[in-house]
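Notes follow the structure.
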Amino acid sequence: MTLNLIIAEKMDAGRRIAYILSKKTSKQKRSKGSFYIEFESNNERNVLVPLSGHVLEADFPSDFKDWLKSDLNLLIDSRIVYNVKNQRAINTLKNFKDADNIIIATDYDREGELIGTEVLKFLNAKNIKRAKFSALTEKEINDAFSNTINVDYNLADSAQAREEIDLIWGAVLTRFFSIASNRLWKDFISVGRVQTPTLGLIYKREMEIRSFVPEKYYKIKITFNKNRDFDAYYNNELKDRKTAEKIFSEVKNMPGRVKSFDKEEYYIYRPAPFNTNEFLREASYLGISPARAMNIAEKLYMQGLISYPRTDNTVYNKSINLKSIVEKLKKSEFSMEADLVLSQEKILPSRGKTEATDHPPIYPVSVPSKELTGDYKKIYELIVRRFLATLYKNAVAVRSTALIDVNGHDFISEGNIIKENGWYDIYKYKSYREYFVPDLEKNEVLNGRDYELQEKETEPPRRYDVSSLLKAMESLNLGTKSTRHDIIDKLYSRNFVTGNPVKITPLGEGFIKSIIDTNPRISEPEMTAELEMDMDKIASGTKTKDDVVNESRRMLHSVLNDFQGRTSEINKTINDYLNTGESLGRCPLDGNELFLIKYRDHYKIKCGDENCRIDFNIYSNGRIQLNDSKCPVCSLPMIKIIRKGQSPEVKCIDPACDYNKEKDIYGTCPADGGNLVLRQSRYGKRFLGCSNYPKCTVTYPLPQKGILKKTDKKCQYCGAPIIVLINGRRHFEFCPKIDCEFNRGGKIEKNKV
DNA sequence: GCAAGGTC
């Protein structure tokens, strides 16, 4: 019997393809180390093997393993080896290596073409065909398999050129910068075609903020009254104080006369269906990082709760039965919202700008049988609400605009009121700011209640937050829907940036500065655009992969030469930034700049003025911010220490201050009467330990989340101090000895009540 | 230990 071997890019697509081609009779076969789907059609045996992305991975030969012993110019010209990445898939494929026909049915894009060709060298390829489909619908799949085309080796080559160029540039420059700055192993400095220009964006924004010179401007506000107070503002720009004061004196205490009044209704459009980028951006507003949101979305997808989370598409395909999904959701906690959608005469979905054909937008496909918790619940709910919002009505708002004459000067008052909530009732994450202005008549005279001349300052541009960063990356074509969140994560884990809004660290700044001083190219987004052009040339056959990669190698030799010529300057720049530290803002004592310098095991907070008393070493493993408040004991500024998974700790900037000592003592040690002090373990977990350590080794574990409060009570059973845990509104009293009778008693008592 | 791109 003829054997057809079908290669799919991923499990989900593979199942779908087999299901359609087999007219629902396909069977999954699983044995140790192998997985495939089998079915018969037209008296032929078909075996479909689903991969999970790339099977091979580019790398350098192992002789280049040692960074310090490898010559970078030799590394540039080294041959590239391809290592197996997915052994299980290869093992499965080998069982069918003599198949009569091989049909590559990976995603129809550049990387898909490459993934498909990666498996060929493990097979005795006789007859190789390509099935091209751009949606997993019955028609597309059936058409693609009855009209197979040839594999486009040029397209696959273009993707391989990308892979090799990224590896060569990334590895060579990563090694160069790490070695030049003496930062090796876990502290290494990474360079890449996508990550470095992304960091460049953050750097550029930081420079704009720093060089920003605020300008004063003025506003004149008059509060009128008709049934209710409402505000009107002078209708021209006021940059000059004298002019502003003159006009203010002319209008002050004068009545207004309505010159015109207009009212118009307008739509606030419902949002478009979710693609990956928009989904990750919205998740970040819920406090969930893009990397974590993606991780959760993948799991929800694997559980069959949502559709495939990697997509650029923002238009629902016709084949999706939107109504049946809403009906499913009707039997969930979103029944109210689902009812709103179903109450419409017709369900018409919104559409976004991108109509791609590979995958649908992200939408819920079923309702969880067991209630989700934590961030999983938040993510699922976000996707459900977004989905329902795209199927519901636009909101309707009314804008009223009044032009008011006050002693010959024009004032304007603008009101905005929601008339119909529409999708806001479903998508509760967004709200609309309303402002009330009463209905007015032409020539109506208004009495002013309050007159105010306001002095304002223009503000610097904002730092990126992860949401606007994702958007900026997308618009500059940096990374893909599947990799952007990963790249942002890398910038954090390499210590180039911190926080959200995203702030560049001294390391990130010194690194980009040293690039810009030498050869800014590698920190600019154009690298990607140029690579894209070369890839197109390979795909169209005007250049070969080797031409492009070798040309790229020649360029890298020259770039590397520039950098190697300035090795000592680069080392100095990066280390100078690290030694100066990060600015924490102004010193509250003398207004000079306050610096936070990070060392291996502690931080130093130091004022720019050598004579200032603020110069403290803080032994802590969290992130440090300056707090607005002052220490109640010594009135020095307070700092906030943020540790992952813990509530922030606020303490006095002076480690020796009594406030800190008092604050951390939770009672006396039952063993030797020493103080039980709040401490942090090497792994950043908090616990109570005796102050007489190492003489006394008494410790108690503590819950990591929630605010801890001391009491003056002692446990009646074991003598440990009783502590209160505050979690939101809940207060919970417990003994730090976990298995103590107190805790059992406490719980029983609680249940009784 | 290096990149970016697939996907789990």
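This structure is a prediction, so every number in the text was calculated from the model and none was measured. Naming: A, B, ... by sequence-line order, numbering from 1 per chain.
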(Q) Mind checking if A:S482 touches a base, just sugar-phosphate, or nothing, with heavy atoms under 4.0 Å? (A) base
Query raised in the report: Does the ring centre of A:F496 sit less than 6.0 Å away from the ring centre of A:F511?
Result: yes
message = Looking only at side-chain N and O atoms, does A:N4 offer a donor or acceptor that is under 3.5 Å from a partner on A:N46?
response = yes
Separation of B:dA4 atom P from A:I487 atom CD1, nearest Å, is 4 Å
Remember a base hit wins even if backbone is also touched, and classify A:T483 as base, sugar-phosphate or nothing at under 4.0 Å, heavy atoms. base
What does A:L114 touch in the nucleic acid at a heavy-atom separation under 4.0 angstrom: a base, only the sugar-phosphate, or nothing?
-> nothing
A:I104 CD1 to B:dG6 P, in whole Å, measures 18 Å
From CZ of A:R484 across to P of B:dA4 the rounded distance in Å is 13 Å
#### Entry: Quiz item: A:S52 side-chain donor-acceptor pair to B:dC8 base, under 3.5 Å
yes
In numerical order, the residues of residues 60-96 of chain A whose heavy atoms come under 4.0 Å of DNA chain B are A:F60, A:W67, A:K85
task: Would you mind classifying the nucleic acid contact of A:G112 as base, sugar-phosphate or nothing, using non-hydrogen atoms under 4.0 angstrom?
output: nothing
message: Taking any heavy-atom pair under 4.0 Å as a contact, classify A:Y308: base, sugar-phosphate, or nothing.
response: sugar-phosphate
Item to complete: Describe the nucleic acid contact of A:G170 in one word from base, sugar-phosphate, nothing, applying a heavy-atom distance below 4.0 Å.
Response: sugar-phosphate
Margin query: Could you check, using the six-membered ring where one of them is a Trp, whether A:F274 and A:F387 have ring centers closer than 6.0 angstrom?
Written below: no
Check your understanding: Between A:E38 and A:K29, is a salt bridge (charged side-chain N to carboxylate O under 4.0 Å, His left out) present by the stated rule, with each step listed?
Key -> CA-CA 7 Å; A:E38 186 166 1; A:K29 305 265 166 138; 3.6 Å; yes
Separation of B:dA3 atom C1' from A:L167 atom CG, nearest Å, is 6 Å
Open item on the list: Applying a 4.0 Å non-hydrogen cut-off, can you work out what A:D59 is touching in the nucleic acid: base, sugar-phosphate, or nothing?
Closed with: base
*Consider only side-chain N and O atoms of A:Q195 and A:K490, and report whether a donor and an acceptor are under 3.5 Å apart.*
no
Would you kindly say whether A:T314 and A:E278 are connected by a side-chain donor-acceptor distance under 3.5 Å?
no
Sorted by position of nearest nucleotide on DNA chain B, 5' first, the leading residue of A:L51 and A:R494 is A:R494
Atom NE2 of A:H359 and atom P of B:dG6 are separated, to the nearest Å, by 10 Å
Problem - A:D534 vs A:R162, salt bridge (charged side-chain N to carboxylate O under 4.0 Å, His left out): CA-CA, chis, key distance, verdict - result: CA-CA 9 Å; A:D534 274 335; A:R162 195 262 326 130; over 6 Å; no
(Q) Counting the atoms with a prime plus P, OP1 and OP2 as sugar-phosphate, which does A:R175 contact under 4.0 Å by heavy atoms, base, sugar-phosphate, or nothing? (A) base
Review point. Which is true for A:V191 with a 4.0 Å heavy-atom rule: it touches a base, it touches only sugar-phosphate, or it touches nothing?
Key: sugar-phosphate
- Query: What do you reckon, do A:W169 and the base of B:dA3 stack, with centroid distance below 5.5 Å and planes below 30°?
  - Reply: no
Which part of the nucleic acid, if any, lies within contact of A:E111, taking any heavy atom under 4.0 Å across all strands shown: a base, the sugar-phosphate backbone alone, or nothing? sugar-phosphate
Side-chain-base donor-acceptor pair under 3.5 Å for A:E57 and B:dA4
yes
_Ring-face cation of A:R183 near A:F177 (centre distance under 6.0 Å, axis angle within 45°)_ = no
A:D187 atom CG is separated from B:dG1 atom P, nearest whole Å, by 15 Å
Closest of B:dA4, B:dC8, B:dG5 to the A:H54 side chain is B:dG5
Q. Which part of the nucleic acid does A:A159 contact within heavy-atom distance under 4.0 Å: base, sugar-phosphate only, or nothing?
A. nothing
> With a 4.0 Å cut-off on heavy atoms, is A:R162 in touch with a base, just the backbone sugar-phosphate, or nothing at all?
Replying inline: base
